[in-house]
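All figures in this text were calculated on a predicted structure; none of them were measured in a lab.
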Amino acid sequence: MATKTHEFADAASLAQNLADAVASVLKVAIAERGTATIAVSGGSTPKRFFQSLSAHKLDWSKVTVTLVDERFVPADNPRSNHLLVAENLLQGEAAIARFLPLYHKAANADEAAKLASHGIASLPAPFDVVILGMGNDGHTASFFPGGDRLEEALSSDTPRGVITMEAEGAGETRLTLTFSSLQDAHFLVLHIEGQAKKDTLENALADGDEKDMPVRAVLRRAATPVDIYWAP
């Protein structure tokens, strides 16, 4: 288990420092390879980070942005992570970045996941940056405790790509990157805010089953050390 914790006085400081670190990684990738990739989480926590990152001066035309997970809802749905990214990250100069959605208009979520997997397969592996969040139940991406495909999602033998997930408390059917898709990013971040999330993290770092707190899989088995960014 390799982690490094970065603590900040407030969410604004965290957002700016994380944006600076991510922009630096993306710039290096563009300089070395000509392209850069970043997969981000949804929810309310990353909004300030997205806004701070979008203000950075870099060649956004060479950046591909995608999601670590998504609800099986159209992009204009208020609960869509796509909409969250469009309104907070893909703004200003960052609006020219390529966005690779996980949701696709399809007969069902399984078909959408197949289409999303084709898109992910078109990107160079590993990701340059992966930003994960975490719920108070210890889920990350859409790796929910009790999820119908949790074991498959967390298995290192499951190929890179996108699968569906259904779980109590998840609401809509989810589309999620597999563990193997995100665990070897060059810069792998767990972004959490608030004392409750810090308490959850401490529990996740303790002994226990990954299925009970799936974020443990990332903290324990990721090939890349996890940088934890936290603010009260």
Side-chain angles (χ1 to χ4, degrees), residues 29 33 35-43 46 50 62-87 89-90 97-135 137 139-186 188 210-211 214-215 217-218 221-224:
R33 197 179 63 241
T35 61
T37 57
I38 175 173
V40 298
S41 60
F50 288 162
K62 296 179 179 178
V63 177
T64 296
V65 180
T66 191
L67 295 159
V68 298
D69 69 325
E70 177 62 284
R71 296 171 175 86
F72 184 56
V73 297
D76 59 357
N77 186 294
R79 288 172 57 78
S80 164
N81 288 339
H82 182 163
L83 182 63
L84 176 78
V85 169
E87 291 182 341
L89 175 54
L90 302 178
R98 176 193 180 199
F99 182 74
L100 193 64
L102 299 190
Y103 171 83
H104 292 267
K105 188 176 181 180
N108 52 55
D110 286 320
E111 290 300 315
K114 290 178 183 178
L115 293 171
S117 290
H118 288 311
I120 296 300
S122 73
L123 301 177
F127 284 107
D128 294 303
V129 179
V130 167
I131 309 291
L132 295 169
M134 182 185 69
D137 60 355
H139 87 265
T140 191
S142 280
F143 307 155
F144 284 91
D148 65 333
R149 300 179 71 182
L150 180 61
E151 184 174 356
E152 179 183 358
L154 296 183
S155 174
S156 299
D157 295 328
T158 302
R160 292 177 184 271
V162 179
I163 65 173
T164 62
M165 186 72 69
E166 294 188 10
E168 184 177 351
E172 302 89 347
T173 299
R174 302 296 185 103
L175 304 165
T176 186
L177 290 180
T178 59
F179 172 79
S180 61
S181 303
L182 54 82
Q183 57 88 31
D184 56 355
H186 294 303
L188 179 57
E210 289 180 2
K211 293 179 182 178
V215 71
V218 177
R221 295 193 281 117
T224 304

J.: Main chain of Pro159, side chain of Ser180: is a donor-acceptor contact present, judged purely on distance under 3.5 Å?
T.: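 Side chain of Ser180 to backbone of Pro159, a donor-acceptor pair under 3.5 Å: yes, one is there.
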
J.: If you compare all heavy atoms of Asn108 against all heavy atoms of Glu111, which two are closest, and at what distance to 0.1 Å?
T.: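 So the minimum-distance heavy-atom pair works out to OD1-N, 2.8 Å.
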
J.: Rounded at 0.5 Å granularity, tell me how far CG in Leu150 sits from CD in Glu210.
T.: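 Spacing of CG (Leu150) from CD (Glu210) equals 9.0 Å.
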
J.: Any sub-3.5 Å donor-acceptor pair from Asp128's side-chain atoms to Thr37's backbone N or O?
T.: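 Yes, Asp128 side chain to Thr37 backbone: donor-acceptor pair under 3.5 Å.
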
J.: Please name the residue in the list Leu90, Thr66, Thr64 that meets the side-chain contact (heavy atoms from CB on, under 4.5 Å) test with Arg98.
T.: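 Output: one option passes, namely Thr64.
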
J.: Tell me if a side-chain donor or acceptor on Arg71 pairs with a main-chain N or O of Arg79 at a distance below 3.5 Å.
T.: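 Side chain of Arg71 to backbone of Arg79, a donor-acceptor pair under 3.5 Å: yes, one is there.
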
J.: Which heavy-atom pair separates Leu182 from Phe143 by the least distance, and what is that distance?
T.: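 The pair with the smallest heavy-atom distance is CD2-CZ, 4.2 Å.
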
J.: Considering all heavy atoms of both residues, which atom of Thr178 and which atom of Arg160 are nearest to each other, and what is their separation?
T.: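 Reported closest heavy-atom pair: OG1-CA, 3.7 Å.
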
J.: Between Lys105 and Pro74, is any pair of side-chain heavy atoms under 4.5 Å apart?
T.: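 Sidechains of Pro74 and Lys105: no contact.
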
J.: Is it true that a side-chain atom of Ser117 and a backbone atom of Ala113 form a donor plus acceptor pair closer than 3.5 Å?
T.: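 Checked: pair present.
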
J.: Would Met165 and Thr173 count as a side-chain contact (heavy atoms from CB on, under 4.5 Å) if you check the C-alpha gap in whole Å, the side-chain angles of each, and the deciding distance to 0.1 Å?
T.: CA-CA 6 Å; Met165 186 72 69; Thr173 299; over 6 Å; no

J.: Measure from the side-chain N and O atoms of Glu70 to the backbone N and O of Pro101, and report whether any donor-acceptor pair falls under 3.5 Å.
T.: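 Pair absent, no side-chain N/O of Glu70 close to backbone of Pro101.
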
J.: Using a 6.0 Å distance limit plus a 45 degree cone around the ring axis, check whether Arg221 lies over the aromatic ring of Phe179.
T.: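 Judged by the rule (NZ or CZ under 6.0 Å from the ring centre, within 45° of its axis), Arg221 counts as positioned above Phe179.
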
J.: So which atom in Pro145 and which in Ala167 form the shortest heavy-atom distance, rounded to 0.1 Å?
T.: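 Scanning both residues completely, I find the closest heavy atoms to be O-CB, 4.4 Å.
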
J.: Hey, could you give me the CZ/CG distance between Phe127 and Leu177, rounded to the nearest 0.5 Å?
T.: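 Going from the CZ atom of Phe127 to the CG atom of Leu177 covers 5.0 Å.
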
J.: Look only at the side chain of Thr224 and the backbone of Ala185, and say whether a donor-acceptor pair between them is shorter than 3.5 Å.
T.: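 Checked: pair present.
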
J.: How many angstroms lie between CD1 in Ile163 and CZ in Arg149, if you round to the nearest 0.5 Å?
T.: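 The CZ atom of Arg149 is 4.5 Å from CD1 of Ile163, to the nearest 0.5 Å.
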
J.: To the nearest 0.5 Å, what is the distance between CD1 on Ile38 and CG on Leu67?
T.: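 Answer for the CD1-CG pair, Ile38 versus Leu67, is 10.5 Å.
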
J.: Can you confirm whether Glu152 is buried at CD, in the sense that more than 12 heavy atoms of other residues, nucleotides or ligands lie under 6.0 Å from that atom?
T.: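 More than 12 heavy atoms, drawn from other residues, nucleotides or ligands, come within 6.0 Å of this atom.
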
J.: Over 60° means perpendicular and under 30° means parallel, so classify the ring planes of Phe144 and His139, tilted if in between.
T.: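 Parallel: the ring planes of His139 and Phe144 meet at under 30°.
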
J.: Distance check, rounded to the nearest 0.5 Å: Leu102 atom CG versus His104 atom NE2?
T.: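 These two atoms lie 7.0 Å from each other.
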
J.: Restricting to non-hydrogen atoms, name the atom on Asn81 and the atom on Gly43 that form the minimum distance, rounded to 0.1 Å.
T.: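 In terms of heavy atoms, the two residues are closest at OD1-N, 3.7 Å.
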
J.: Tell me whether Ser181 contacts the main-chain N or O of Gly161 through its side chain, where contact means a donor paired with an acceptor under 3.5 Å.
T.: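 A pair under 3.5 Å: yes.
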
J.: Distance from Leu188 atom CG to Ile131 atom CD1, nearest 0.5 Å?
T.: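 If we round to the nearest 0.5 Å, Leu188:CG and Ile131:CD1 are 8.5 Å apart.
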
J.: Check whether any side-chain N or O of Thr140 sits under 3.5 Å from a backbone N or O of Gly133 as a donor-acceptor pair, and report yes or no.
T.: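 Present.
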
J.: Tell me the closest heavy-atom pair linking Ala75 and Leu83, and the distance in Å.
T.: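 Closest pair (atom of Ala75, atom of Leu83, distance): O-CB, 3.2 Å.
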
J.: Please answer whether the main-chain N or O of Phe72 pairs with a side-chain N or O of Glu172 as donor and acceptor at a distance below 3.5 Å.
T.: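 No.
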
J.: Would you check if the side chain of Ser142 reaches a backbone N or O of Thr176 as a donor-acceptor pair within less than 3.5 Å?
T.: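 Pair absent, no side-chain N/O of Ser142 close to backbone of Thr176.
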
J.: Heavy-atom distance under 4.5 Å between the side chains of Leu84 and Phe50, does that happen here?
T.: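 Side chain of Leu84 against side chain of Phe50, heavy atoms only: contact under 4.5 Å found.
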
